[in-house]
Amino acid sequence: MKDKLFRFAFRLLQDVQEAEDVVQDVMAGVWVRREEWGQWKSIEAYCMTSTRNQCIDRIRKSSFRREKEKSIPAANSVQDPFEKVMSKEMTARIRRIMAALPQNQQLVVHLREVEGFSYNEIAEVLQISLDQVKVNLFRGRHAIKNTIITEEGIWNKQK
């Protein structure tokens with residue numbers, strides 16, 4: 001679960017050290033409250049919610065966001081060097097587009113597409129309704145798709 005929390009925290013904070021600190025704080029907090037584990041519906045959902053809250057607190061306190069994003073390796077291992085470059089470029093484009101989305105859409109798309117959460121898990125972690133999850137996911141995906149189509153159209157016209 002530590003890696004999943006780190007990816008989520010890193011997505012929000014865009015800072016490796018800050019994300020590691022948040023995950024460590026959350027894990028320490030969960031350990032301190034281990035007597036309550038039986039009362040919790042899902043330890044993972046609790047950890048994700050705690051991670052989100054701590055990230056938001058850190059963003060508010062320091063009001064920073066790094067513009068430079070590190071590209072993540074493509075999910076599939078492509079053998080052709082050209083395809084690897086294209087895959088990395090597309091990943092970077094999608095991350096750039098996602099960074100421009102409203103925060104709710106960013107979080108929902110990230111949790112669904114990167115972390116693989118179900119709609120119900122996303123609703124629980126973000127403390128929003130199931131309908132809000134679906135709307136934000138649709139709008140986020142639609143915005144990403146339309147931006148890519150628009151960019152491709154502009155690029156093709158320049159050729």
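With a 6.0 Å cutoff to the six-membered ring centre and a 45° limit on the axis angle, R34 counts as a cation-pi contact of W31.
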Pair R96, E89 - check salt bridge (charged side-chain N to carboxylate O under 4.0 Å, His left out), show working. CA-CA 10 Å; R96 177 183 49 78; E89 285 179 9; over 6 Å; no
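Ring planes of H110 and F8: parallel class, angle under 30° (limits at 30 and 60°).
Looking only at atom types and distance, the side chain of D21 has a donor-acceptor partner in the side chain of Q17 under 3.5 Å away. Judged purely by distance below 3.5 Å, without hydrogens or angles, the side chains of R33 and Y46 pair a donor atom with an acceptor atom.
Applying the side chain to side chain donor-acceptor pair (under 3.5 Å) test to R52 and every residue at least two apart in sequence or in another chain returns Q127.
For Q24, the CD atom counts as loosely surrounded, since its 6.0 Å shell holds 12 or fewer non-hydrogen atoms of other residues, nucleotides or ligands. Under a cut-off of 6.0 angstrom, the local environment of CZ in R139 is sparse, with at most 12 non-hydrogen atoms contributed by other residues, nucleotides or ligands.
A donor-acceptor pair is defined here as one N or O able to donate and one able to accept, closer than 3.5 Å; no such pair exists between the side chain of Q105 and the backbone of N136. Proximity of a side-chain donor or acceptor of E18 to a complementary backbone N or O of L13 within less than 3.5 Å is not detected.
Note that CG of L12 and OG1 of T51 are 9.0 Å apart. Values are rounded to the nearest 0.5 Å. To the nearest 0.5 Å, atoms OG (S42) and CD (E121) are separated by 7.0 Å.
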